[in-house]
Structure formats: structure tokens, C-alpha cells
**Student:** 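Supplied in C-alpha cells, the structure appears directly below.
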Amino acid sequence: MQVLVTGGTGFLGSYLARALLAQGHQVRLLGRNFAPVQHLLAQGAIALPADLRDRAAVVAACAGADVVYHAGAKSEPWGRRADFHAINVGGTAHVIAGCQAHAVRRLVYISSPSVIFTGRDQHLLAEAQPYPRRFTSVYAHTKKLGEDLVNQAIGLETVIIRPKALFGPGDTALLPRLISAARAGRLPLIGDGRNQVDLSYVENVADALVLALDAPRAVGNTYTITNGEHVRLWDVIFELLQALGLSTQLRRIPLALALVAAGAMELRAAASGQEPLLTRYTAAILARTQTYDITAARRDLGYNPRVSVAEGVARTLAAVQQNRRTVEPRNRGRATPSG
Ligand SMILES: NC(=O)c1ccc[n+]([C@@H]2O[C@H](COP(=O)([O-])OP(=O)(O)OC[C@H]3O[C@@H](n4cnc5c(N)ncnc54)[C@H](OP(=O)(O)O)[C@@H]3O)[C@@H](O)[C@H]2O)c1
């Protein structure tokens with residue numbers, strides 16, 4: 001098939017493109033910076049440089065595609081509200097318009113479980129969980145508005161995939177940001193350290209996305225994707241820190257205090273334009289239990305996570321140790337993963 005991957009230059013999009021190429025599909029990548037994906041271009045993927053805010057360019061990029069994966073997004077934990085809206089909501093509207101204009105058969109929208117995060121502990125959430133009255137970040141809100149547009153789109157098959165907390169070699173967001181913060185001596189243990197989360201090894205998510213390409217039962221549905229394992233987040237973080245020879249003696253901060261401090265940092269950041277060390281959203285993400293039920297993805301997509309968290313962590317660690325530069329985050333020392 002002819003497949004367009006927006007965000008094909010990013011972490012998840014590049015793994016997805018690799019999996020699609022391996023299956024013999026013709027893959028086009030929409031993005032702005034193609035330096036990280038030269039290996040995909042060498043394998044036959046085609047680069048379509050475009051900004052998601054450029055309606056005409058995005059619509060044109062959809063021409064000839066059988067399936068479009070929309071993974072492109074502003075997914076940093078901090079940024080201008082207007083940019084989140086223009087890229088995540090406006091960009092999604094442009095992708096839908098492109099699919100409709102060029103009779104694309106199926107659109108797979110990569111959303112996020114953050115759209116149902118309340119900021120409190122949440123156990124075994126299923127897809128039917130309603131959206132909260134207040135979103136925990138502008139990122140989460142704009143991903144939800146993107147879901148609304150996809151759910152309302154007519155004339156094409158749509159599938160929404162919400163992968164939780166991606167990790168793996170090449171990631172610059174989640175674990176490497178925590179490691180970087182720890183290296184800088186700026187990683188506190190927020191909360192009681194016993195909160196459970198479901199992580200997602202990036203290749204497992206790419207598998208789920210490839211399954212969503214033509215799974216007949218998936219049309220019109222939303223699926224959470226995780227590794228299907230509940231792990232204690234801080235156990236994983238400590239394992240990484242220990243393996244890297246970093247101190248695990250972290251300063252403990254109750255979540256309530258972290259939220260107050262992060263709120264003040266956000267106010268300062270709004271005035272200075274500089275990303276805060278910590279956001280309230282990230283503090284809650286690091287301290288709260290968030291586990292999910294992935295029965296629907298197993299049943300309708302035939303999804304089965306191949307790589308365990310333990311194996312995924314070992315691979316991530318090996319990549320961090322082998323070549324720190326390939327996985328080193330862009331914002332050194334900031335404990336602010338998104339997703
Ligand atoms: N990482 C997670 O834990 C997580 C969890 C849940 C959901 N997700 C979702 O998964 C998707 C991929 O995330 P990721 O972790 O792979 O993020 P990433 O590595 O930051 O990739 C983001 C992608 O979006 C593209 N992009 C951003 N702004 C753009 C713009 N204005 N115009 C064109 N392209 C733009 C980037 O392209 P350039 O770099 O070329 O500009 C990049 O390819 C996102 O939709 C995100 O919301 C991620």
C-alpha cells in the first residue's frame with residue numbers, strides 16, 4: 001500500500017515507517033527535519049517536507065495514499081498554547097481535509113491516554129472512560145480536540161490509537177529526560193514512589209499501528225496501547241539510574257508540594273518564555289498510578305506486545321550507554337517528559 005506517515009521524522013513515526021517498509025509498503029514521511037531518518041530514506045521512504053500548519057502542503061501530501069498515519073504533533077510538555085492548537089488541532093484538520101480530498105481509505109490518528117488523565121490515580125482504564133471536565137495540560141486538551149475531529153470525519157475509515165508512555169532507543173522524551181535530570185542532580189522523587197504505570201516499548205506500538213492498517217473491526221474505534229504490564233515507575237527509573245552509575249538517593253517531595261512548586265515555575269516560565277524545570281502535568285504523571293486495560297486492542301487488532309518492559313529497558317539502556325548522543329534529550333536537566 002501507499003502509506004503516508006505524518007511525524008515520520010519523529011520517534012514513533014520512524015519506528016512505524018521502518019515496520020511498514022519491512023512489510024513492503026511504499027512509505028512517505030511528512031515532517032520538517034529529516035536528518036534523524038536518513039536511514040529510512042536510504043531504504044526507499046520518500047521525504048515530504050511540510051509543516052502541519054500549512055494546509056495546502058498537508059492536503060497535497062495526502063495525494064495517492066491508501067492509508068495515512070497522523071503521528072505528527074507538538075508533544076513537548078511546554079510551549080505556547082497557540083502553537084499546540086495550531087499544530088495538534090489545526091494540523092489534524094488539515095490531515096483530515098487531505099484524506100477527504102484524495103479519497104484516502106483509512107486514517108489512523110495517534111492520540112494519547114493523557115486525554116483521559118484526571119491528575120489522580122487511575123486504575124485499569126478502558127477506552128470508554130469519559131474525558132475529564134478539566135484537562136491536565138494544553139497538550140492533552142489539544143490531543144482530545146484532535147480526537148473529536150477524527151471522530152466527526154466523514155467519508156473515510158478512522159482508527160484512534162492511544163499509546164501510553166513510549167520508550168526505547170532513540171527516544172528523547174521520557175526516560176532520557178529523567179536520566180538527564182538525574183545527571184544534573186535535578187531529579188526529585190515525587191510522590192510515594194509506589195505508583196504503577198503502563199509503559200509501551202516503541203516497537204510494540206509500531207506493531208499495533210501496523211495492525212491498524214487494515215484491521216476490519218477497528219474502524220470507528222479507539223484503542224489504548226501499552227505493554228500490558230503494570231510496573232512501578234520509580235523501580236524502572238531506579239534500575240536505569242543504578243545501571244548508569246547514578247545516585248538513587250533522590251530528594252523526596254510530596255506531590256502536593258511538587259504541584260505548588262511546578263505551578264510557580266510555570267508562571268515564571270510564562271513570563272520568561274523558558275521551559276520550566278517541572279510542570280504540574282509532569283509532576284502528576286510521575287507520581288500518579290495510571291494503568292490501562294488493553295483487551296480491546298488484543299481482541300480487535302490482534303495486538304500482542306512482543307517486547308517486555310524488562311527487555312525494552314535493557315535495550316534502551318544499551319542504546320544510552322552505546323551512544324549517549326543519539327538518545328540525549330534536547331533539554332538537558334529538565335524533568336519534564338510528555339506523552
Ligand atoms: N512519546 C510518548 O510517550 C507518546 C505518548 C502518547 C502519545 N504520543 C503521540 O505519538 C505521536 C508521536 O510522538 P513522538 O514521541 O514520536 O514525538 P516526537 O519524536 O517529538 O515526534 C513528533 C513528530 O511531529 C512532527 N511535528 C511536530 N510539529 C510539526 C509541525 N509543525 N509540522 C510538521 N511536523 C511536525 C515532528 O517533525 P519534525 O521533527 O520533522 O519537525 C516529529 O516527526 C504524537 O502524536 C504524540 O502525541 C506520544
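The model shown is predicted, which means the values in this text are computed figures rather than measured ones. Positions are given from 1, in the same order as the sequence printed here. Each ligand, and each atom within it, is numbered from 1 in the order the structure gives.
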**Student:** Does L174 reach ligand 1, in the sense of a heavy atom lying below 4.0 Å from it?
**Tutor:**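 The answer is no: ligand 1 sits nowhere under 4.0 Å from a heavy atom of L174.
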
**Student:** For the residue pair D198 / N227, report whether a side-chain donor-acceptor contact shorter than 3.5 Å exists.
**Tutor:** no

**Student:** Do S14 side-chain atoms and V37 backbone N/O form a donor-acceptor pair below 3.5 Å?
**Tutor:** no

**Student:** Can T289 and Q196 be counted as having a side-chain donor-acceptor contact under 3.5 angstrom?
**Tutor:** no

**Student:** Just to be sure I'm reading this right: ignoring hydrogens, which of G7, S75, G10, P49 gets closest to atom 17 (O) of ligand 1? Compare them by their nearest heavy atoms.
**Tutor:**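 Minimum heavy-atom distance to atom 17 (O) of ligand 1 goes to S75.
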
**Student:** Which ligand 1 atoms does S111 reach within 4.0 Å, using its non-hydrogen atoms?
**Tutor:** 6 (C), 7 (C), 8 (N), 9 (C)

**Student:** Using distance alone, determine whether A73 and ligand 1 share an N or O pair under 3.5 Å.
**Tutor:** yes

**Student:** Could you tell me whether some N/O pair between R32 and ligand 1 is separated by less than 3.5 angstrom?
**Tutor:** yes

**Student:** Check whether any N or O atom of A173, backbone or side chain, sits under 3.5 Å from an N or O atom of ligand 1, and answer yes or no.
**Tutor:**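 Among all N and O atoms of A173, none is under 3.5 Å from an N or O of ligand 1.
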
**Student:** So, S200 side chain and K164 main chain: donor-acceptor pair closer than 3.5 Å or not?
**Tutor:**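 Answer holds: yes.
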
**Student:** List every atom of ligand 1 that sits less than 4.0 Å from any heavy atom of I110, numbering the atoms from 1 in the order shown and giving each element.
**Tutor:**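 Heavy-atom distances to I110 below 4.0 Å select 9 (C), 10 (O), 11 (C), 45 (O).
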
**Student:** Assess the side chains of H230 and T291: does a donor N or O sit below 3.5 Å from an acceptor N or O?
**Tutor:**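 There is no such pair between these side chains.
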
**Student:** Please list, chain by chain and in numerical order, all residues satisfying salt bridge (charged side-chain N to carboxylate O under 4.0 Å, His left out) with D300, sequence neighbours excluded.
**Tutor:**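 Salt bridge (charged side-chain N to carboxylate O under 4.0 Å, His left out) list for D300, sorted by chain: R217.
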
**Student:** What atoms in ligand 1 come closer than 4.0 Å to a heavy atom of A50?
**Tutor:** 32 (N), 33 (C)

**Student:** Please list, in number order, the atoms of ligand 1 under 4.0 Å from a heavy atom of G31.
**Tutor:** 40 (O)

**Student:** Which ligand 1 atoms, with their elements, are less than 4.0 angstrom from a heavy-atom of R53?
**Tutor:**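 In order of numbering, the contacting atoms are 31 (N).
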
**Student:** Hey, can you pull the donor-acceptor pairs under 3.5 Å for the side chains in residues 95-103, sequence neighbours left out?
**Tutor:**
from : atom 1 : to   : atom 2 : distance (Å)
Q100 : NE2    : I154 : O      : 2.9
H102 : NE2    : V59  : O      : 3.1

**Student:** On a heavy-atom basis, which atom in I161 and which in L301 lie closest, and how many Å separate them?
**Tutor:**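 That would be CD1-CD1, 4.0 Å.
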
**Student:** Donor-acceptor pair, D54 side chain versus A50 backbone, under 3.5 Å?
**Tutor:** no

**Student:** Within ligand 1, which atoms have a heavy atom of T9 less than 4.0 Å away?
**Tutor:** 36 (C), 37 (O), 38 (P), 39 (O), 40 (O), 42 (C), 43 (O)

**Student:** Any N or O of L12 that comes nearer than 3.5 Å to an N or O of ligand 1?
**Tutor:**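 So ligand 1 has an N or O lying under 3.5 Å from an N or O of L12.
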
**Student:** Give a yes-or-no answer on whether the side chains of Y292 and E127 include a donor-acceptor pair shorter than 3.5 Å.
**Tutor:**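 No, no side-chain donor-acceptor pair sits under 3.5 Å.
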
**Student:** So, regarding L52 and ligand 1 (criterion: nitrogen or oxygen to nitrogen or oxygen, under 3.5 Å), is there a contact or not?
**Tutor:**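 Yes; the residue has a nitrogen or oxygen that sits under 3.5 Å from a nitrogen or oxygen of the ligand.
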
**Student:** Please confirm whether D51 comes within less than 3.5 Å of ligand 1 when only nitrogen or oxygen atoms on both sides are compared.
**Tutor:** yes

**Student:** Less than 3.5 Å apart, any donor N or O on the side chain of Q290 or Q122 sitting next to an acceptor on the other?
**Tutor:**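 The criterion, which ignores hydrogens and geometry beyond distance, is not satisfied for Q122 and Q290.
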
**Student:** At under 4.0 Å between heavy atoms, which part of K143 makes contact with ligand 1: side chain, backbone, both or neither?
**Tutor:** side chain

**Student:** In terms of atom number and element, which parts of ligand 1 are under 4.0 angstrom from non-hydrogen atoms of A71?
**Tutor:** 11 (C), 12 (C), 44 (C), 45 (O)

**Student:** Side chain, backbone, both or neither: which applies to Y139 and ligand 1 if a contact is any heavy-atom pair less than 4.0 Å apart?
**Tutor:**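 Answer for Y139: side chain.
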
**Student:** Provide the number and element of each atom of ligand 1 under 4.0 Å from a heavy atom of L166.
**Tutor:**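 Those of ligand 1 that fall under 4.0 Å from L166 are 1 (N), 2 (C), 3 (O), 4 (C), 48 (C).
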
**Student:** I'd like to check whether K74 has a polar contact with ligand 1, where a contact means an N/O of the residue lying under 3.5 Å from an N/O of the ligand.
**Tutor:** no

**Student:** More than 12 foreign heavy atoms under 6.0 Å from CZ of R55: is that the case here?
**Tutor:**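 Atom CZ in R55 is not packed in, count stays at 12 or less.
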
